[in-house]
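Read through the structure below, which is laid out as structure tokens, and then see the notes.
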Amino acid sequence: MSGRFAIFVLALSGAACSAKPGGTYPGASVVLISIDTLRADRLGLYGYEGGRTPNIDKLGREGLVFEDVSSQVPLTLPAHASMFTGLLPPRHEVRDNIGFRLKESHRTLAERFKAAGLATGGAVSAYVLRSQTGIARGFDVYDDALILDARDESMGALQRDGGVAVASLLRFVEAQEEKRFFAFLHLYEPHSPWSPPEPYRDLKSPYDGDVAYADELVGRFLDGLRARGLLDRAIVALTSDHGEGLGDHGEQEHGLLLYREAVHVPLVLRLPDRAGAGARVAGAVAQVDMAATLLDLSSVPFDGMDGVSLRSALSSGRASPRTVYSETLYPRYHFGWSELYAASDGRFRFIRAPTPELYDLGKDPGEKQNLAAGRPQAAASMDAWLGRVTRAVAVPEAVDTQTRERLAALGYVGASTAPLGAAADLADPKDQIASYEALRKGLALRAGGRDAEAVEQLRKVVMDNPLMIDAWETLGLSLISLGREKEGITALDRAIKLDPLRAEPHMALAKLYALGGKMTAAVGHAEIAAQKEPGKSFELLAQIMMDRKREGDAVTFARRSIAADPERSMSLFILGTVAREHGRCEEALLSFQKAAGAIERAQGSVVRSLHFQTGDCLARLGREREAEEKFLAEIKALPRSIEGRVGLATLYRSQGRDAEATAALVGLVAGNPSPTAEEYWAVVRTFAVLGDDQAARTSATVARGLFPADPRFR
């Protein structure tokens, strides 16, 4: 018996032994796994031979595989909004990753399952699905904890290894004991930039390697359920939010175009006791059907949804005929190009664009031959259907710079928004794909620290697209990083001419002019930026004033920053610093506590010397145990913190803990492969101040050998 035939027989025998699907499972728990940016045609169960996905393929053999599922939008947040609410984007009104939040009036899967008595837990792997977007509503536990560092807003700081999310969600599952639950797992591995771990770097492409690692994580999670005896008692769904271009129509990633590679997603449904194992379900299915189907299988009401339950298709093997909707407003919001809408009925696929497109998927699954001109009636019919579904392009809400920067760090090209112009005569995104990819390459070079190459690339972009604001802005920042300030200012000025109130170039110029001592120009640009970004712009001015030793002005701008945005942690820190320097420790502590709370809520990094200054105030107020905790926290976060170690050593010496004081202080240079003169001087000076002259002389002798030209150690 051949291997392929043996697998076929095993699949048939598995299906024959399992129960017939189509019923409901009111006693089952529900698990939803979403693998970000996963093309259906890159999985073995959809016929792909170039990857390595044994766990997902096994899940397909143990469950039912839907052959033709379309995402509603090739962007993470709006796609998950459709997945969770069962509503099309025009109804749930989340049209982009930025500038939108899921409204409380739209009930989510988690809210419905919670109302039905299930415990609800989720674990996500990227900033795009942070709880502040509204996507976390209804979850008892929603783990979106990411380690963000204001000094390194790299992609790695804005997503996390899916293994962390898997472990977190398994802990939630374990805690439920015998209680039914709804568990949501989000994995981000296939999203760019692709960087698979070592075992998967030998595959056809880095994308396939990341898909393979995601598959490993799926297996890890399912094994955890199986080990707890839960897998065969649960409804398990595995899908994706959208696909990936991979160059099929010129787009390497996703969001700009609406071809099948960007919206055809997998859907595997494993039922309790493997009911219907090995079956395939044909027919056009929509992402919005996910919520209705899971709720229906669980005997929970799914009223008010655009999506339909697929329960009857589980037994018939075919979904009812229908037309499925997709959209992308990304090109309109971020580049001022035309939005795109698509309608698919399983055979024909129509894309509404400045140049309309119609494809016969049966004969042309790769969407290479546009039939719109030759089949005008079919195109007109599907265009009319889209006209009944679509709604006016909504204006995004104002979004702070920090959010835009974090999304840009995750690879979202055009993370800032373009002014919404009139709908007439907008460029067709497919005609702009070369410019888009050129910009994407330039932004990636800048993000990777390759500024010289970024400048060369972006010069070409602005030459061909002089109205592309992102390109001018990034070109200016790269030139400034290279020390070519005059050219950088010219580029930023061009961005400002295109959008006079755009905050980012004004803030960049404010920083540059402040460093050059041109305070009038710096303040002027920051004041303009404050019209759109008052919290961050006034905070920048407060920092500039602190650097210039103008405390009164720093306090004024810090207060204006906080008035606009109470969560501006650096502004709160500045207020605390000034209060501490003037001996007002109770006032300082209040500001420091607020700053720490804002950092924690934003999942940000510790501000340098925040713990130290808090500890110093606590020590002055006689709260020595709390002070010690803060000094230790400063050292843990920043092991080479001079302030933290000096503060701790001083506290220990005041308590008679001389040995611990010496260890804390010497720890600044001991074991340090490259101690600085400033660090040694801090050790020498502090020992002298504390009255330990012998230790001061010993440290000075060592320092003199390392820094013979430094007069402080003579």
Side-chain angles (χ1 to χ4, degrees), residues 21-22 32-35 37-48 53 56-57 59-61 63-74 79 82-83 86 88-89 237-246 248-249 254 257-270 276 278-294 306-328 341-351 357-369 371 378 382 385-386 389:
L32 174 57
I33 302 171
S34 175
I35 304 176
T37 323
L38 177 59
R39 282 175 61 149
D41 63 1
R42 288 302 179 106
L43 295 174
L45 55 85
Y46 286 90
Y48 188 58
T53 53
I56 297 175
D57 295 345
L59 186 69
R61 293 193 298 272
L64 300 95
V65 177
F66 291 79
E67 296 178 340
D68 185 13
V69 183
S70 291
S71 167
Q72 267 51 81
V73 55
S82 287
M83 196 185 303
L88 295 174
L238 181 143
T239 189
S240 178
D241 53 354
H242 55 75
E244 190 78 312
L246 301 180
D248 286 7
H249 286 85
H254 58 270
L257 303 179
L258 270 188
Y259 296 108
R260 285 273 288 170
E261 59 265 19
V263 296
H264 182 207
V265 296
L267 175 56
V268 179
L269 195 59
R270 189 189 193 277
R280 312 282 291 199
V281 180
V285 169
Q287 192 173 60
V288 286
D289 300 335
M290 176 73 68
T293 301
L294 294 179
D306 295 320
V308 300
S309 172
L310 302 172
R311 185 160 64 89
S312 62
L314 303 182
S315 55
S316 68
R318 175 169 289 277
S320 300
R322 65 194 292 205
T323 302
V324 174
Y325 172 91
S326 298
E327 70 170 35
T328 180
Y341 303 101
S344 177
D345 62 10
R347 178 186 175 185
F348 287 106
R349 192 152 187 278
F350 174 76
I351 301 176
E357 301 169 71
L358 179 71
Y359 299 100
D360 185 338
L361 297 179
K363 299 177 180 178
D364 180 23
E367 297 171 301
K368 302 299 183 183
Q369 185 178 359
L371 304 177
M382 299 184 89
W385 181 86
L386 283 172
V389 178

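All values below come from the heavy atoms of this structure, side chains included, with hydrogens, waters and symmetry mates left out.
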Straight-line distance of [X] [atom1] to [Y] [atom2], nearest 0.5 Å:
X	Y	atom1	atom2	value
Met83	Ser71	CE	OG	7.5 Å
Ser344	Arg260	OG	CZ	6.0 Å
Met382	Tyr325	CE	OH	13.5 Å
Arg349	Ser70	CZ	OG	6.0 Å
Leu38	Ile33	CG	CD1	11.5 Å
Leu269	Thr293	CG	OG1	7.5 Å

* To do: Take the angle between the ring planes of Tyr259 and His249 and call it parallel below 30°, perpendicular above 60°, tilted in between.
  =>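 Rings of Tyr259 and His249: parallel, under 30°.
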Got [X] and [Y] here, is their nearest side-chain heavy-atom distance under 4.5 Å?
X	Y	value
Pro74	Leu258	yes
Thr328	Leu257	no
Val324	Val69	no
Val281	Leu310	no
Phe350	Leu358	yes

* Can you list the steps and then say if Leu386 with Thr323 is a side-chain contact (heavy atoms from CB on, under 4.5 Å)? -> CA-CA 10 Å; Leu386 283 172; Thr323 302; over 6 Å; no
Mind listing the closest non-hydrogen atom pair of [X] and [Y] along with its distance?
X	Y	answer
Ala319	Ala284	CB-O, 4.0 Å
Leu314	Leu64	O-CD2, 3.6 Å
Gln287	Ser82	OE1-CB, 4.1 Å
Pro89	Glu327	CB-OE2, 3.2 Å
Asp68	His264	CA-NE2, 4.1 Å
Met290	Ala237	SD-CB, 4.0 Å

Any donor-acceptor N/O pair, [X] side chain to [Y] backbone, under 3.5 Å:
X	Y	value
Arg39	Gly245	yes
Thr239	Pro266	yes
Asp289	Val308	yes

* Asked: Taking only residues two or more places apart in sequence or in another chain, which ones pass side-chain contact (heavy atoms from CB on, under 4.5 Å) with Asp364?
  ->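 For Asp364, the residues satisfying side-chain contact (heavy atoms from CB on, under 4.5 Å) (neighbours in sequence not counted) are Tyr359, Lys368, Gln369.
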* Asked: Could you walk me through whether Asp241 and His254 pass the side-chain contact (heavy atoms from CB on, under 4.5 Å) check?
  -> CA-CA 11 Å; Asp241 53 354; His254 58 270; over 6 Å; no
* Would you please test Leu371 and Asp360 for side-chain contact (heavy atoms from CB on, under 4.5 Å) and show each step? => CA-CA 8 Å; Leu371 304 177; Asp360 185 338; 3.8 Å; yes
* To do: For Asp306 and Gln72, run side-chain contact (heavy atoms from CB on, under 4.5 Å): C-alpha distance rounded to whole Å, both residues' side-chain angles, the deciding distance at 0.1 Å, then the answer.
  => CA-CA 12 Å; Asp306 295 320; Gln72 267 51 81; over 6 Å; no
* To do: May I ask you to decide whether Glu67 forms a salt bridge with Arg280, counting only side-chain N to carboxylate O separations under 4.0 Å?
  =>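 Salt bridge: yes.
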* Just by distance, with hydrogens left out, do Asp57 and Thr53 show a side-chain donor and acceptor under 3.5 Å apart? ->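 Per modelled atom types, Asp57 and Thr53 side chains form a pair under 3.5 Å.
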